[in-house]
Amino acid sequence: MRASFSLALALAATATTVLAAPATSDALQRRADGKLPFHFPKSVYETVAPTGRASFGKVSEAKAVKIATDFLAAKLGLAADEFKVYNSFTDASGTTHVYGAQQANGVRIANHQAAAHVQNGQVVSFSSSFNTDTSTAKPRIPPMSAKLSVRQAIAKAVEDTGIPHHADFAAVPEYVNTGSGIVFAHKFQLRDTSKGQWVQVWVDANTGEIVHSADFVNKFSYKAIQLPKISPLDGFTTIVDPENAKASPGGWSTTGNSTKGNNAEVAKRNANYVAQKFGTGVNSTFDSAWNATKEPWADENFQASAVNLFYIANVMHDISYQYGFTEAAGNFQTDNFGRGGLGNDSVIVSVQDGHETDDADFNTPPDGQQPQMRMFRFVDTTPGRDGGLENTVPIHEYTHGISNRLTGGSATGQCLETDLAGGMGEGWSDFVALVLTAKSTDTATQAIPICAYVTNSTAGIRTHPYSTDMGVNPLTYSEIGQRSEAHDIGEVWTTMLWEVYRNLVTKYGFNANLYDAKSTAGNIVALQLVIGGMMNQPCNPDLVQARDAILTADQTYYNGKYKCDILKGFAKRGLGKNATSDAYEDQFDVPAECQI
Ligand SMILES: *[C@@H]1O[C@H](CO)[C@@H](O)[C@H](O)[C@H]1NC(C)=O
Ligand SMILES: *[C@@H]1O[C@H](CO)[C@@H](O)[C@H](O)[C@H]1NC(C)=O
Ligand SMILES: *[C@@H]1O[C@H](CO)[C@@H](O)[C@H](O)[C@H]1NC(C)=O
Ligand SMILES: *[C@@H]1O[C@H](CO)[C@@H](O)[C@H](O)[C@H]1NC(C)=O
Ligand SMILES: *[C@@H]1O[C@H](CO)[C@@H](O)[C@H](O)[C@H]1NC(C)=O
Ligand SMILES: *[C@@H]1O[C@H](CO)[C@@H](O)[C@H](O)[C@H]1NC(C)=O
Ligand SMILES: [Ca+2]
Ligand SMILES: [Zn+2]
């Protein structure tokens, strides 16, 4: 054991800056939610019935520790040198708590933890995350050999995570149970105080892959209407650490005490949009207590709205990031972390904006200038209702920002300006709102209203609810010729996109993890096709061009795999291949190759 331990040290001493690139992929890619890998075997916890032979004299702590370790060794089938106590203490009840881990070759197996609790000379309970299932063979312990030195492992982890090494804490060799076996690892810490990141990682000493991690930073939590839920009527949830590390490496709230961060600044604003009051957090906990009987501007209801809007704006940022709305593509961030594009353009959200009622809007200047999302109050009901608390409203608005920045490039801000293109902009916004609030149990033919909560109506605010049922929603391409208002036009476009979406979900299934953009589930593919289409389509596209841009996205992302699902969806609503931009005439044709 000494020999291999000093081998690791010798390697460290002679390491050069040239890295043998490990064959494994970027560890950050391992989990779709962007978080570092974490594996901890399930622990058992058992209480032990007293034997009646308890010692009533005072048992010293040292004696109690010996009782605990003897007990664990017997229980878990360990030799004396296979378990090490890392800490112990005696509480006010006289119970001595003894905590340790399995060790092999003199080093700890990081996630093979066990503890025993001793009172009156007897073990009263114990727990263990290893050797508890005697029906399976104990995992093999590999030798302490390392292809990568500590220095190489650190360089690789810093590169993979973008977080600097925290040198105050010296690297330690440890084993880790990854769930598929035990590996020998270098344990060290990464820390970026400016971004509030501080994490301990275990890097496989042979592949350079991060195999395990522990996050030291305070948990952030937001009490909001968690997607796919839509409104307060569905209930609020305390959502812990929802940030996506890849999209938001510095987290959402900069200080942990206000709804202000790198992606959005959510506040009540004066007539000139100067922030008057942000939503508040206490030690990174953004609580809220919405009260249905009070008006939106009551303190607790303002807080609920501000926290929910901060949640939605950041979720929109993080999810759209996975599908390509990144810094380089012109997204909305203050700091771009050196990843391209122009910064200083986080979204300014105006909560309960007083300029209008019964609406919401989003203004999108070119990349590098802050967009503005205004949420007005809805006054149909008593008390009034807050658009910030119906998730489809801010999702719809934020999507205006995405479609405007992605169509024709982020530098122009003038590519969804014609009546038709502006109308389609409304359509993409409804579509993304439908996608983010969809559930696995939804059916193709169900009727989905938009803004049912704020208007307190089951029909919602469009001329028809969305549905693939022609009886519920009969809209087809020719209807464009009858409509001039932007949302009315958009409704026809969303109806078409929804056919494509449902075709894909029916055939390829549903994945509730919308951060998993590489998934081949139908809903994920549909979102990627639509966002990918925005990047392809010309400035001020018409419906035929926007459909063709989606087909191009199918070609570039999926090698044309979904062509027929797309064409059939559009054809059902009159935008068949024979439809033209000049005449809004329904064409229901599907190419012969798709007629199966
Ligand atoms: C919020 O936190 C920042 C940074 O920690 C601090 O400067 C500021 O005073 C705090 N604000 C409130 C209202 O507590
Ligand atoms: C917030 O954290 C500080 C520092 O850890 C602590 O002193 C304070 O009591 C905490 N406040 C609340 C309300 O938890
Ligand atoms: C909501 O507000 C009403 C009216 O002020 C009050 O009577 C009620 O106790 C509040 N409900 C909660 C849960 O705080
Ligand atoms: C943001 O603005 C500051 C000051 O105007 C400037 O120094 C900085 O480069 C800008 N950041 C980005 C990412 O554009
Ligand atoms: C919403 O509509 C229902 C049914 O029309 C009615 O009973 C209820 O009072 C309305 N709620 C509000 C807040 O106006
Ligand atoms: C579509 O257009 C092609 C070429 O103009 C024509 O041959 C074909 O018959 C049309 N199909 C339908 C279903 O109208
Ligand atoms: Ca930007
Ligand atoms: Zn809109």
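Counting starts at 1 for both ligands and their atoms, following the listed order. Model, not experiment: these values are computed from the prediction.
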*Asks:* Is the distance from the Ca ion (ligand 7) to the nearest N/O/S atom of Leu342 under 3.0 Å?
*Replies:* yes

*Asks:* Counting each atom of ligand 5 from 1 as listed, which ones have a heavy atom of Arg385 under 4.0 Å away?
*Replies:* 13 (C)

*Asks:* Apply the side chain to side chain contact (heavy atoms under 4.5 Å, CB included) test between Thr407 and each candidate in Asn540, Asn536, Leu416; give the one that qualifies.
*Replies:* Leu416

*Asks:* Could you check which N/O/S atom of Asp367 is closest to the Ca ion (ligand 7)?
*Replies:* OD1

*Asks:* In the protein, what heavy atom is nearest to atom 8 (C) of ligand 1, and what distance, to one decimal place, separates them?
*Replies:* Asn257 ND2, 3.7 Å

*Asks:* For Thr255 and ligand 1, does the shortest N/O to N/O distance drop below 3.5 Å?
*Replies:* no

*Asks:* On a heavy-atom basis, I'd like to know which of Thr458, Asn456, Thr381 is closest to atom 10 (C) of ligand 5.
*Replies:* Asn456

*Asks:* Parallel under 30°, tilted from 30 to 60°, perpendicular over 60°: which one fits the rings of Tyr321 and His317?
*Replies:* tilted

*Asks:* Does atom CG (Asn87) have a neighbourhood of more than 12 heavy atoms from anything else shown, all under 6.0 Å?
*Replies:* yes

*Asks:* Might you check, step by step, whether the distance between atom 5 (O) of ligand 5 and some protein heavy atom is under 4.0 Å?
*Replies:* no

*Asks:* Less than 4.0 Å between atom 1 (C) of ligand 5 and some protein heavy atom, yes or no?
*Replies:* yes

*Asks:* So is Lys277 actually on top of Phe302's ring, under 6.0 Å and inside 45° of the axis?
*Replies:* yes

*Asks:* Have a look at Asn391 and tell me which of Asn308, Thr437, Asp234 forms a side-chain hydrogen bond (donor to acceptor under 3.5 Å, both in side chains) with it.
*Replies:* Asn308

*Asks:* Kindly indicate whether atom 14 (O) of ligand 1 is approached by any protein heavy atom to under 4.0 angstrom.
*Replies:* yes

*Asks:* Could you label the plane-to-plane angle of the Tyr398 and Phe332 rings as parallel, tilted or perpendicular, counting under 30° as parallel and over 60° as perpendicular?
*Replies:* perpendicular

*Asks:* Tell me the angle that OD1 of Asp345 and O of Asn331 form around the Ca ion (ligand 7), rounded to 10°.
*Replies:* 90°

*Asks:* Counting only heavy atoms not in Lys260, do more than 12 sit closer than 6.0 Å to its NZ atom?
*Replies:* no

